[in-house]
Amino acid sequence: MGSVAEELVAQFDTMVRRDGGAVRLVSEGPDRIEVAYRPGSAGPDCSDDVCVLPQNELATLMAETLGRRSPGTELVVTVAP
């Protein structure tokens with residue numbers, strides 16, 4: 001079993017890979033986890049990035065999940081090119 005950060009990243013990476021995105025662990029400390037999010041691209045049936053999970057929504061979902069697993073740990077999500 002991996003760390004809380006590794007498990008969190010794996011869970012959300014699986015979700016965003018559906019649209020070609022990726023989540024990777026940048027750093028992990030005792031009270032802080034930093035991840036990079038590379039959004040996918042919208043398919044031909046999507047408009048205005050409807051099919052791509054926006055960074056702020058991903059960050060909210062990840063923070064809520066992290067809050068249940070590791071209360072008090074800060075999550076920082078940056079967008080990777």
Under 3.5 Å, which donor-acceptor pairs do the side chains of residues 57-68 form with other protein atoms, sequence neighbours left out?
from	atom 1	to	atom 2	distance (Å)
Thr60	OG1	Asn56	O	2.9
Thr65	OG1	Leu61	O	3.0
Arg68	NH1	Glu64	O	3.4

Contacts under 3.5 angstrom, residues 72-81 side chains, donor-acceptor by atom type, not counting sequence neighbours:
from	atom 1	to	atom 2	distance (Å)
Thr73	OG1	Ser70	O	3.2
Thr73	OG1	Ser70	OG	2.6
Thr78	OG1	Val35	O	3.4

I need the minimum non-hydrogen distance between Gly20 and Arg38, along with the two atoms involved. O-NH1, 2.9 Å
All heavy atoms of Ala5 vs all of Ile33, minimum pair found to be CB-CD1, 3.6 Å
Would you say Val9 and Val26 are hydrophobically clustered, going by side-chain heavy atoms of ILVMFWY under 4.5 Å? no
Kindly write out the residues that satisfy side chain to side chain donor-acceptor pair (under 3.5 Å) with Gln11, not counting sequence neighbours, or none if the list is empty. Arg69
The criterion is side chain to side chain donor-acceptor pair (under 3.5 Å); which residues satisfy it with Arg24, sequence neighbours excluded? none
Could you work out, with salt bridge (charged side-chain N to carboxylate O under 4.0 Å, His left out) as the rule, every residue matching Arg32, not counting sequence neighbours? Glu34
